[in-house]
Q: 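Please find one structure pasted underneath; my questions will follow.
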Amino acid sequence: MSYQKLFDSKISTEAAKAWRAQGKKAVGTICCHVPDEIIRAAGILPVRMRATDCVDSSSGEVWMSTFSCSFARSILQYWMDGVYDLDGIVASDGCMMPSRVFDNAEYIDKKNGKNRFFYQIGAPRIVNDMTLSYYVDELKELIERLEKFSGVKVTDEALKEYIAKYNEARVLVQQVAELRKADNPVINGQDFSSIILAYTDYPIEEYIEMLKEFLADAKNRKPYTEQRARLMIIGSALDDPGYLKIVEDKGGIFVADALCFGTRAFPGQLEVDDKDVLGSIAKYYLERLVCPRMMDDRATLHEYIINTAKEYKVDGIIYEKMQYCECWGGESVLLEDELKEAGIPLLTVEREEHLANAGQLAIRAEAFIEMIEK
Amino acid sequence: MAEIEKVDYWRWTESNWRNPEIADVTGCLLTAGVDIGSTSTQAVVLADGVPFVYSNMRTGNNSPDSAINAMNWALKDTGLKTEDIEYTIGTGYGRVNVPFSNKNVTEITCHARGANYIYGPTIRTILDMGGQDCKAIHCDEKGAVTSFMMNDKCAAGTGRGMEVIANLLAVRVEDIGELSFKVDEEPDPVSSTCVIFAKSEATKLMREGWTKEKVLAAYCHAMALRVVRLLERNGMEPDFAITGGIAKNMGVVKRIERIMNVKALEPTMDTQIAGAVGAALIAKDLVEKKRAKA
Amino acid sequence: MITAGIDCGSQNTKGAIMKDGKVIAQAMQATEFDADLAAKNVYEKMLKDAGITKEDVEKLVITGVGRDMIKWGDNEINEVGAAARGARFVDPACETVIDMGADSCRVIRLNQDGTVMKYEVNDKCASGAGTFIETMARALQISTEEMGDYSLRHTKELATNAQCVVFAESEVISLIHAKEKIEDIAYGVHMGIANRIASMIRRVGLTDTLVMIGGPAYNKGLVSCMSKVFERDIKVLDNNQFVSAYGAAIYAAEK
Amino acid sequence: MAKDTRLEDAVLRGEMSIVDFCCEKVNGQIERMKERNPDLLWTLEIQRAMWEMFRDGHKNGKKVIWFGGPVPVDLIVAFDCVPVYLDTVPIRLSPNPVLAARFIDAAEKYVPNSMCGIDKVELGMTLLNQFGPEPDAFVYSSVPCDSSRIAYPNMDMILTKKGTPCFAFDTPFRRDERGIQYLVDQTKRFISWMEELTGTKFDQEKYNEVCKKTNRTFEWQGKCAELRMRKPCPLPGRMLVLNGTSNAMSGFDAMGDLLEKEYEVGEMLYELGMGPCPEGEKHRVALLQNMLWSSAGTMDWLEREYNTVAVMDAFGFQYGDIYEHIGDLEDCLRVMARKMQNNPMIHGASGPSENFIYLVDKIFENYEPDVSMFIGHIGCKHTWASAKMVTDMIQEKYGIPSLYIDVDGIDGRYKSLDEIKASVADYMDTVVNK
Ligand SMILES: Nc1ncnc2c1ncn2[C@@H]1O[C@H](COP(=O)(O)OP(=O)(O)O)[C@@H](O)[C@H]1O
Ligand SMILES: Nc1ncnc2c1ncn2[C@@H]1O[C@H](COP(=O)(O)OP(=O)(O)O)[C@@H](O)[C@H]1O
Ligand code: SF4
Ligand code: SF4
Ligand code: SF4
């Protein structure tokens, strides 16, 4: 097995197929407050759903209307089209759009008499002791449901086993991200994005192996040297390296990000308190920095963006907003001024899941690069 | 059965120009900028950084040809050939299709630089209104871009829409501005600036008995409102100027000024050539930098 | 009983005269600025062709987006109602009607008794209607009528993305520069439209039979792309541009 | 005669506050009403009471507290503070597109234009600092609505910079027992926070008084709602707008008085066999989303032209909870928590779609409309994303198809009243009246 799979951003269903072929269950997951450790401990394979390469989302549009985020709508399309052949969905209420993907998927499923497994975790948007205990209760209920569904008891031992594995992956991803700090990094934005996307499709063990192989080989890779500007990308869910390619073809190189499908998904380590394993999981997932869905850590998010930009010696930030994405769309109110203060140039662009007007992005990116290149 | 176009009211006048004060350019550093826009193509040649000749014509269906034609037309009667130019920069949406260019640079960077030259170093906000898009650009005293914003996805409120209306009402684009002020009272803007719907809306208004002038006023008004939003978003910092083809349409310009309560600087040359001038200036800088290094 | 219907569309004004459930005359003319005049001309021509006078016509009903401009009809009916009646008249079995005009597209789902169950209208962006195709044809330097044949001869499944008419026009031009074949580009344009109206059709519910009326229905390339997207035949009615005018005349005969 | 727009112009120039504008406007309306239609004066009194209370809050030595989303308003009132329900601002400004536009445009400088107009106006008003009296605090919640979840925290950050204290509730996504307890726990913290803010102790007696008033409001509101179930419906569709205000003002006598009066008048009309439709009620329509704030005229027109009355809208529909054991704090807090969860449209038909479907089902069951319209406010994308499930349910269970149109309930520039009417008319002519 080679690590080449890391660089194929297409949705791969082979791992899930193989898993299910053994008579085990696999579920789709949506959003950032679904702890994979728990799902694995219940003997179930989590597959983080995405919409890469979805060209036509008209069925999704029928259910979610044109006034919906096309990333979410395209996931529903893939679900309806059977691109993801899974045993159910576990979601957390990130923003309203994935919640509606969940609702519609469940509704359509019932209508078609399928009755697969559906559970939505209510994840708090404020971090304090009270909200943490609410989240713990929500996770307890998830565990009960999962146990019933898979017939596997979720034990502290199993949870710890998977926490260790996911922690290992976190370390490895952070090491990959470190590579981007070099003046002439051996991976560009497209590469990194593909590596992160691969995580969604494969069991964690397989992913860890691929990362290790890649890291061992990394120094043999040819560094990128032609770049005119170092960029960071932030904004709405982005699961399409093709988007980054357009910008990198114009001479930029992405060296950092603050994206759902990016470094931000693998921060730090999940510290286990042996006396309260579930509580440790809840604490990690609730406290880690996610996105503007959280109401009280915007300042930290902004700080993270600015610090990362500095740490990775970024010349400018590209802020992509999905159309109808309020979550990220509204973040500019204070962020714009803060970036200005920090002296970091910013380019804001609108986009849709399906890359329709590549030319328009290209011209903006090129002009931005001309503006910031040294 | 090909379509027979009756009179092309949208066809604005093409032009070329030669600086009467420069008789001889031997020994001068010649740099050029060629701006292939969606609608128009300009070629500008600078002699030691001073405009020497330029041409301004419509972009044909083939960008490389447009570039060559524009350049030839500009150089006509000067005795110069394309090869005599030291360094050429292509810009505009067809910038990669300038066969004889040494480099290409986006029209955003070029327009800022060009505006800085045309309007002087106090210029801070530039609104470039072209055939298919609109850009609000900020720049510093050197004409370097500090931020910019463009219209997205929808071409509503661009020159192309104006051309459709011109054709529909049988009014030359050049005359739209003046006619649009021949109304007793400013009508409400048309509700849709979509190229297609504006046409049907204008048709509907005509059917309801509106005069051409009133329809034009309503359309210019709508277009001004649309770009003003872009300007507001990017922030307005004087001095302010408008470049691109629509800058010649006073019907839109005056309305923008009124809504924003600002005065745009008076252009000293053809506003459509700002991009090409900028490109030629950047070409000059590059040559000088190279020479200094050598 | 003799009744008449006039459909004053944004591009064309169409009329029909019916006698006891049969069409005895029909005519069409470009609407241009004077809808009233166009309708008058159409009406007079039809009367002449049918060899009757105004007095013979019991009732005249006007429909279409320009119907407000015509004050001399006996009654009016909106476009949805007219299209529904007309389509049922021409094809008694039809369940869903796609009515595409120059600027607009409507999808109408009928009840068993021919009344309207639900419908969808696109009135925000012209990207799914006749003018879009016309503009692309112009960019390809072929006539609108030829678009269909070119598209049917495509050899490659080219995809075009831009929605906006204007951007689509430049996309087409860059495809020409990229040496793509006109046939394939035409196909890409039609496929794009078919995909865009797909969700309208799905929203009213996909039925076994789909019929298409209005000028663009003459475009075989477009129709074939729609068949492909929905995996079923799209029926194109005879005289499809006149169907709504029939509907208006039929409405005139009701009650 | 040209319309007098001096007040509007002053607001547009930033010289007049929103609160002063609304007070002047409402007083002007009252003066005119006195001459023309003194019988209807009662319909305006609540407006006057509310806006003047906002305006004079500081003068009367009270703290002015902004609130957004489901929060325990009764407690704010019990602490003798002035509760300002922010949504009343966009709804009040929306009939005038130019005014609403000032605040919408201010917000759109930063946020996408797809954001809900309600939240854009609120954010814009905060950015321009033009409400009037500076708020002494801001209380909000994480309503399951993306637009407000973005607008409120941004407003929080802007206000916090100025030193204004803010309190945020975390609204649970699902409605269940766990959620109720969660809200009760948070409310307890809120009480301590209010004590600190006001420097006074929580006063059970005062709270009991407010509970009584609130109960009265919701009892009358329930009765008015029952009136609407009768056939013919004696109350005009336009009055559905009031349901929004009732939430904000439920703890005040004025609201109870208004609803009592509304009920009396409605009962009288019903006795007389009269109603808003000139030729008698032919159809009754349920609005599956919110009231058309910016174009409420559509309702009058439907009554006049089609003898069709709007009996209920999904965002105003309440099955108001009543305090059963006033004096028992724990129990009252639970009722309040339930209200916060059930409130259909303090940005409501949100949370899981099943709640929305359930709510609409109840409307159809109780009000028996024969026409269904999803006149969808485009900002409210999460209701749009449930719309098909809801309308499918109506079609299957009640055999009624639904009209869909997109409007902007706040920004009248999106679609004019005439355009909306034309779409509704087409539907009434082709589908309803066949
Ligand atoms: N003299 C004029 N008066 C009014 N409009 C004009 C004039 N000349 C050109 N235009 C308009 O300007 C537009 C072209 O602007 P331009 O900046 O050249 O576009 P681009 O750079 O995108 O090709 C056309 O739509 C044309 O109608
Ligand atoms: N033979 C044809 N082939 C392809 N397209 C056609 C043909 N005839 C008409 N059309 C298209 O039909 C449209 C006009 O249709 P019509 O139903 O008359 O529209 P409207 O009712 O809006 O005036 C035009 O966009 C035209 O391009
Ligand atoms: S956060 Fe934005 S991109 Fe992500 S699902 Fe929500 S609306 Fe879509
Ligand atoms: S509304 Fe008009 S201008 Fe805008 S995208 Fe659609 S066709 Fe283009
Ligand atoms: S109308 Fe909808 S989007 Fe707007 S504030 Fe209410 S719930 Fe949120």
Side-chain angles (χ1 to χ4, degrees), chain A residues 10 51-83 97 100-101 104-105 107-108 111-112 240 242-243 245-246 249-250 322-324 349-364 366, chain C residues 96 98 105 107 109 118-128 132 139 157-178 180 187-207 210 225-226 228-232:
Chain A
K10 274 202 205 64
T52 311
D53 298 332
C54 182
V55 211
D56 166 33
S57 59
S58 58
S59 304
E61 199 179 304
V62 168
W63 290 90
M64 295 186 56
S65 88
T66 21
F67 309 107
S68 57
C69 143
S70 53
F71 165 69
R73 190 207 295 158
S74 302
I75 292 184
L76 181 63
Q77 177 87 29
Y78 270 178
W79 174 259
M80 291 171 69
D81 289 351
V83 170
M97 287 299 140
R100 289 299 181 248
V101 171
N104 281 296
Y107 183 91
I108 296 166
K111 206 172 114 179
N112 296 339
D240 180 6
Y243 187 85
K245 179 172 189 306
I246 294 173
D249 282 351
K250 293 291 168 200
M322 185 78 83
Q323 219 195 352
Y324 302 119
V349 278
E350 267 200 25
R351 65 175 259 262
E352 298 245 28
E353 179 64 29
H354 172 38
L355 228 177
N357 298 321
Q360 290 186 55
L361 170 65
I363 162 97
R364 285 165 177 72
E366 193 174 353
Chain C
T96 301
I98 306 164
C105 183
V107 180
R109 169 91 177 268
K118 43 182 153 174
Y119 61 85
E120 286 277 325
V121 184
N122 158 29
D123 58 1
K124 268 281 158 244
C125 178
S127 59
F132 187 86
E157 303 206 342
L158 193 80
T160 66
N161 295 326
Q163 276 210 17
C164 172
V165 179
V166 175
F167 293 141
E169 199 177 359
S170 13
E171 188 182 3
V172 163
I173 291 172
S174 35
L175 288 171
I176 299 175
H177 288 168
E180 295 290 354
Y187 169 82
V189 166
H190 292 146
M191 212 54 197
I193 296 181
N195 277 328
R196 274 193 293 278
I197 60 174
S199 61
M200 284 173 74
I201 299 182
R202 295 219 168 90
R203 215 190 292 269
V204 303
L206 201 53
T207 51
L210 285 171
C225 286
M226 303 238 281
K228 189 163 171 187
V229 170
F230 296 109
E231 297 169 343
R232 66 202 66 201

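Residue numbers start from 1 in every chain, and the chains themselves are labelled A, B, ... in the order their sequence lines are given, proteins ahead of strands.
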Q: Taking all non-hydrogen atoms of both residues into account, name the closest pair between A:Thr66 and C:Arg203 and its distance.
A: N-NH2, 4.4 Å

Q: Using the test salt bridge (charged side-chain N to carboxylate O under 4.0 Å, His left out), find all partners of C:Glu231 that sit at least two apart in sequence or belong to another chain.
A: none

Q: Under the side chain to side chain contact (heavy atoms under 4.5 Å, CB included) rule, collect the residues that match up with C:Ala168, sequence neighbours excluded.
A: C:Phe132, C:Met136, C:Ala162

Q: Residue by residue, which of residues 187-198 of chain C have a heavy atom closer than 4.5 Å to a heavy atom belonging to chain A?
A: C:Asn195, C:Ala198

Q: Taking salt bridge (charged side-chain N to carboxylate O under 4.0 Å, His left out) as the test, write out the residues that go with C:Lys118, two or more places apart.
A: none

Q: For the residue pair A:Glu61 and C:Ser199, what are the closest heavy atoms and their distance?
A: OE2-OG, 3.0 Å

